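Please read the structure below before turning to the comments.
Reminder, nothing fancy here: chain letters follow the sequence lines and each chain counts from 1. Because the structure is predicted, anything quoted here is derived from the model rather than measured.
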2 protein chains.
Amino acid sequence: MATIRERNKRLILKTACQVFADKGFAATKTSDIADKAGLPKANIYYYFKSKEALYRAVLESIIEPLLQAYTPFHREQEPARALEAYIKAKLRISREHADASKVFAHEIMHGAPHLSPQSLAQLKDEAEASVARIRQWIEEGRMAPVDPQHLMFTIWASTQTYADFDWQILQITGRKKLAAKDYDAAARLITDMVLKGCEVSPCEA
Amino acid sequence: MATIRERNKRLILKTACQVFADKGFAATKTSDIADKAGLPKANIYYYFKSKEALYRAVLESIIEPLLQAYTPFHREQEPARALEAYIKAKLRISREHADASKVFAHEIMHGAPHLSPQSLAQLKDEAEASVARIRQWIEEGRMAPVDPQHLMFTIWASTQTYADFDWQILQITGRKKLAAKDYDAAARLITDMVLKGCEVSPCEA
DNA sequence: GTCTATACGACGATAGAC
DNA sequence: GTCTATCGTCGTATAGAC
């Protein structure tokens with residue numbers, strides 16, 4: 001059941017996520033968040049200890065989805081399937097968690113000063129595991145000998161860009177908002193490019 | 001000849017570029033810049049009207065390189081040559097103008113509130129011209145029918161990431177600083193992937 | 001052209017009434 | 001649990017001595 005406490009906390013978190021994504025941590029005023037949420041500023045402080053605590057809560061909310069996205073590297077036996085599923089998962093995050101994703105990007109760009117060491121360690125572990133998996137596939141001759149680290153950098157960048165640089169993408173596409181078919185087009189292009197680059201044949205449907 | 005005025009202005013600009021790249025506009029204090037440059041804070045204001053004017057000067061410094069990078073699309077007749085040269089140019093910017101590049105990315109992420117309309121229009125024109133050129137090559141059957149806009153998004157993202165997410169890349173690669181061979185490896189992977197994705201054969205050396 | 005000292009506004013955070 | 005009123009601090013910008 002949704003207590004008042006839970007409902008308000010959720011409203012504040014959601015609003016804060018939008019504002020932090022839009023302006024960044026330092027440029028965001030707690031009054032911006034309060035106004036947008038339709039609450040007095042003091043109410044924010046009743047539910048969250050400080051602006052920074054609120055920011056950290058937003059930031060940590062994206063960690064679980066990001067970690068989840070790596071599962072194809074653990075489960076899938078086929079390089080093509082794993083890469084395709086990973087790209088799809090990352091694009092889904094850019095779409096469904098666009099704001100939190102942007103907050104995360106902002107954080108990483110500046111050296112992750114607010115991210116907890118635990119989250120950082122988990123993300124690093126998953127990243128390294130995926131690189132190791134790709135390296136293994138290459139040794140087994142199941143994909144072309146691309147540089148596994150740079151491959152991951154390219155996948156991260158090209159999927160993340162749909163959250164981070166959404167404004168730019170809307171400018172160029174002339175859209176007001178990206179729709180399902182835009183994300184599909186992105187998925188097709190990125191997947192196609194990666195699979196051809198790795199010289200693995202795409203899997204059926 | 002370097003007058004005192006020119007020398008100091010240059011020092012402040014260079015220092016500001018580093019600090020803005022590191023922290024972002026809002027989180028940067030003018031005293032941070034002053035301290036790092038070894039000057040009293042008032043000196044900054046003697047050379048620049050305001051913190052924002054200084055920021056804009058840093059921001060505009062990256063526009064010319066970014067516009068220059070598009071020349072291969074105007075000059076080169078071969079898709080493969082143009083794409084390869086563009087990727088190379090963009091990666092060079094990420095390396096040689098890493099800080100200004102990061103400031104630019106930060107700005108675009110938040111809807112370019114400080115960028116001059118002229119610079120914005122110029123960048124948009126070049127972006128659209130390159131998309132048109134790719135579309136033309138596709139119509140002429142000289143490359144695979146990829147989505148030209150999403151192709152550019154992927155190239156922007158995967159090259160820009162070496163400036164924006166340098167911290168992350170250093171974490172994963174375990175380097176202290178990226179070297180020439182790292183940028184070469186990046187260029188190789190991205191170029192390879194793009195050219196294979198577009199089904200154009202790479203050009204010789 | 002350089003620098004100290006300070007005015008002034010903005011914002012994070014809280015006290016305390018309801 | 002909600003909200004108004006306010007405090008204290010920090011940071012931009014400048015006045016004015018050297």
So which pairs with a foot in residues 184-194 of chain A pass salt bridge (charged side-chain N to carboxylate O under 4.0 Å, His left out), sequence neighbours left out?
A:Asp192-A:Lys196
Atom OH of A:Tyr55 to atom P of C:dG12: distance rounded to whole Å?
14 Å
What's the angle between the local helix axes at either end of the helix from C:dG1-D:dC18 to C:dC18-D:dG1, using five pairs per end and rounding to 10 degrees?
0°
Looking at C:dT2, I'd like to know if its phosphate oxygens (OP1 or OP2) sit under 4.0 Å from a side-chain N or O belonging to B:Tyr47.
yes
Among side-chain atoms of B:Ser94 and B:Gln160, is any donor-acceptor pair under 3.5 angstrom?
no
May I have all residue pairs that pass salt bridge (charged side-chain N to carboxylate O under 4.0 Å, His left out) and include part of residues 49-63 of chain B, sequence neighbours excluded?
B:Glu52-B:Arg56
B:Asn43 side chain N/O closer than 4.0 Å to the phosphate oxygens (OP1, OP2) of C:dT4?
no
Without decimals, in angstroms, what is the distance between A:Phe25 CZ and C:dC11 P?
14 Å
Between C:dG1 atom P and B:Ile44 atom CD1, what is the distance in whole Å?
15 Å
From A:Asp164 CG over to B:Met109 CE, what is the distance, rounded to the nearest 0.5 angstrom?
4.5 Å
Mind calculating the distance between NZ (A:Lys9) and P (D:dG1) to the nearest angstrom?
11 Å
Nearest-Å distance for atom pair CG/P, residues B:Leu39 and C:dC3
7 Å
Enumerate the residue pairs fulfilling ring pair (Phe, Tyr, Trp, His ring centres under 6.0 Å) with a member in residues 108-133 of chain B, sequence neighbours excluded, ordered by first and then second residue.
A:His106-B:His110, B:Phe25-B:His114, B:Tyr55-B:His114, B:His106-B:His110
Which pairs with one or both residues in residues 114-125 of chain B pass salt bridge (charged side-chain N to carboxylate O under 4.0 Å, His left out), sequence neighbours excluded?
none
In this structure, how many angstroms lie between the P atom of C:dA15 and the OH atom of A:Tyr46, rounded?
15 Å
The contact string for nucleotides 12-18 of chain D, one letter per nucleotide 5' to 3', using protein heavy atoms under 4.0 Å with B, S and - for base, sugar-phosphate only and none, comes out as BBB----
Has B:Asp182 got a side-chain atom pairing as donor or acceptor with B:Ala179's backbone, closer than 3.5 angstrom?
yes
If you compare all heavy atoms of B:Thr154 against all heavy atoms of A:Ser158, which two are closest, and at what distance to 0.1 Å?
OG1-CB, 3.8 Å
What class does the angle between the rings of B:Phe153 and B:Trp156 fall in, given that below 30° is parallel, 30 to 60° is tilted and above 60° is perpendicular?
tilted
